[in-house]
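See structure below.
Counting starts at 1 for both ligands and their atoms, in listed order. The chain is numbered in sequence order, starting from 1.
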Amino acid sequence: EAKRAHGARYCVFEPLMKEQAWRRGSIEGELRRAITDGQLFVVYQPIVDLRNGRAVGAEALVRWRHPERGIVPPIEFIEIAEETGLIGRLGEFVLSEACRQFVRWAAELGAQAPLLLSVNLSRAQLFEGDIAAQVATALRDSGLPPAQLQLEVTESLAAQDDRIQARLHELKALGLSLALDDFGTGYSSLASLHQLPVDVVKIDRSFVSQSESSAHHRVLIEATLKVARSLGMRTVAEGIETTGQSAILQALQCDKGQGYFYARPMPAEDAARWFVAHVPQAEAVCVAPAL
Ligand code: C2E
Ligand code: MG
Ligand code: MG
Ligand code: MG
């Protein structure tokens, strides 16, 4: 009876499993080619100073221009890249491309160039090869000052694992900063925030999106901001989509914000135009303190 039940289940699920295995295998092969054929590119989402709305930097996000399927978002291939060991090369591409782009912008846009570059790092990248050496190479080859680079890691990644902590300290020793991405979605708690070697806490979009309708979420955001501040960490709110959300995060004294309300992730050329329109000229910055 159990055997038959198992058999029946097997019949129902086998085609799906086969389909998924096929999809996975085919995506892996295509992704391998995408990296070498230059189908990957980087989009940039501006990060603004919530006190004055000025652009301060951008998060680099990877995209795949697939020959048949069009633009593929990272949710469809990052995990596969991690599982197949392709994440190392993918990460190397994003990092070196984004660093070079920021240095080009510094030359082309002058005082209107964004300063802070934030790049995502996934768990597998910390274990594949020497990540600190890889980052050091990207900085050296591009000429981007380490102080302008921020690497985003997730909570699960920053948790109490000695090997991970050692890697994170190696990275910080390069002179860059670390941000804790998607805070609130993982397993670590506010109480353990002080154990993590991070400079910045990014409040996850799921909290921001409920901040207008839910007092509970506002309290959680406020508590997170207070603890982060008390530890000397800076704060960024992710996924701000409305005026109301931006007002709440400002009132709660979150330092920076990011989200569709300000700007969507954009290809480099569009991002450059956006920065020219939103980063004040050097003179304006100089005048501001006197007002
Ligand atoms: P993340 O690092 O938390 O990035 C923020 C994600 O939220 C991005 O999705 C961004 O497009 C989206 N987003 C920003 N503002 C809003 C908003 O107002 N509303 C909504 N609904 N979404 C918003 P994206 O680009 O699809 O990236 C998804 C995730 O994939 C990233 O989450 C990150 O974990 C990962 N990822 C992206 N690029 C890379 C990369 O180069 N390397 C690694 N390791 N992971 C990456
Ligand atoms: Mg991120
Ligand atoms: Mg995030
Ligand atoms: Mg996220």
(request) Please find out if the Mg ion (ligand 2) and some N, O or S atom of S118 are separated by less than 2.8 Å. (result) no
(message) Tell me whether E59 reaches ligand 1 (any heavy atom closer than 4.0 angstrom to a ligand atom).
(response) yes
(message) Show me which atoms of ligand 1 lie under 4.0 Å from any heavy atom of P74.
(response) 24 (P), 25 (O), 26 (O), 27 (O), 28 (C), 30 (O), 37 (C)
(request) Would you mind naming the N, O or S atom of E238 nearest to the Mg ion (ligand 3)? (result) OE2
(message) Heavy-atom contact check, 4.0 Å cutoff: does R63 meet ligand 1?
(response) yes
(request) Using a 4.0 Å heavy-atom cut-off, say whether V43 meets ligand 1 through its side chain, its backbone, both or neither. (result) neither
(request) Using atom types as modelled and distance alone, determine if a side-chain donor or acceptor of E152 lies under 3.5 Å from a backbone N or O of V119. (result) no
(message) Check this for me, if you would: do E241 and R264 make a salt bridge, where the nitrogen-to-carboxylate-oxygen distance has to be below 4.0 angstrom?
(response) no
(message) Which label fits F77 and W64: parallel for a plane angle under 30°, tilted from 30 to 60°, or perpendicular past 60°?
(response) perpendicular
(request) Decide, yes or no, whether a salt bridge links E82 with R123 under the criterion of side-chain N to carboxylate O below 4.0 Å. (result) no
(request) Kindly confirm whether the Mg ion (ligand 2) is within less than 2.8 Å of some N/O/S atom in E59? (result) yes
(request) Nearest 10° is fine: what angle sits at the Mg ion (ligand 2) between OD2 from D181 and OE1 from E152? (result) 90°
(message) So for I75, does at least one of its heavy atoms come nearer than 4.0 angstrom to any atom of ligand 1?
(response) no
(message) Closer than 3.5 angstrom, by distance alone: can the side chain of D182 be matched with the main-chain N or O of T185 as a donor-acceptor pair?
(response) no
(request) Would you mind finding which of Q125, E241, Q245, E152 brings a heavy atom closest to atom 44 (N) of ligand 1? (result) Q125
(request) Say whether P73 and ligand 1 are in contact under the criterion: heavy-atom distance to a ligand atom below 4.0 Å. (result) no
(message) Looking only at distances, can you tell me whether any N or O atom of Q258, backbone or side chain, sits closer than 3.5 Å to an N or O atom of ligand 1?
(response) no
(request) Check ligand 1 against I78 and write out every atom of the ligand that is under 4.0 Å from a heavy-atom position of the residue. (result) 43 (C), 45 (N), 46 (C)
(request) Measure the acute angle between the ring planes of Y44 and W105, then classify it against the limits of 30° and 60° as parallel, tilted or perpendicular. (result) perpendicular
(request) Determine whether the side chains of H66 and Q39 contain a donor N or O and an acceptor N or O closer than 3.5 Å. (result) no
(request) Determine the interplanar angle of the W274 and H278 rings, folded into 0 to 90°, and report it as parallel if under 30°, tilted if 30 to 60°, perpendicular if over 60°. (result) parallel
(request) Identify whether the distance between the nearest side-chain nitrogen and carboxylate oxygen of R32 and E28 falls below 4.0 Å. (result) yes
(request) Could you confirm whether D182 has any N/O/S atom lying under 2.8 Å from the Mg ion (ligand 3)? (result) yes
(request) May I ask you to decide whether R104 forms a salt bridge with E97, counting only side-chain N to carboxylate O separations under 4.0 Å? (result) yes
(request) Any atoms of ligand 1 less than 4.0 Å from a non-hydrogen atom of Q45? List them with their elements. (result) 14 (C), 15 (N)
(message) Give the atom numbers and elements of ligand 1 that come within less than 4.0 Å of a heavy atom of S122.
(response) 44 (N)
(request) Could you list the atoms of ligand 1 found under 4.0 angstrom from a heavy atom of D181? (result) 1 (P), 2 (O), 3 (O)
(request) Check whether the side chains of Q150 and D199 place a donor and an acceptor atom closer than 3.5 Å, and report yes or no. (result) no
(request) Run down the list T154, N120, D182 and name the one with the heavy atom closest to atom 33 (C) of ligand 1. (result) N120
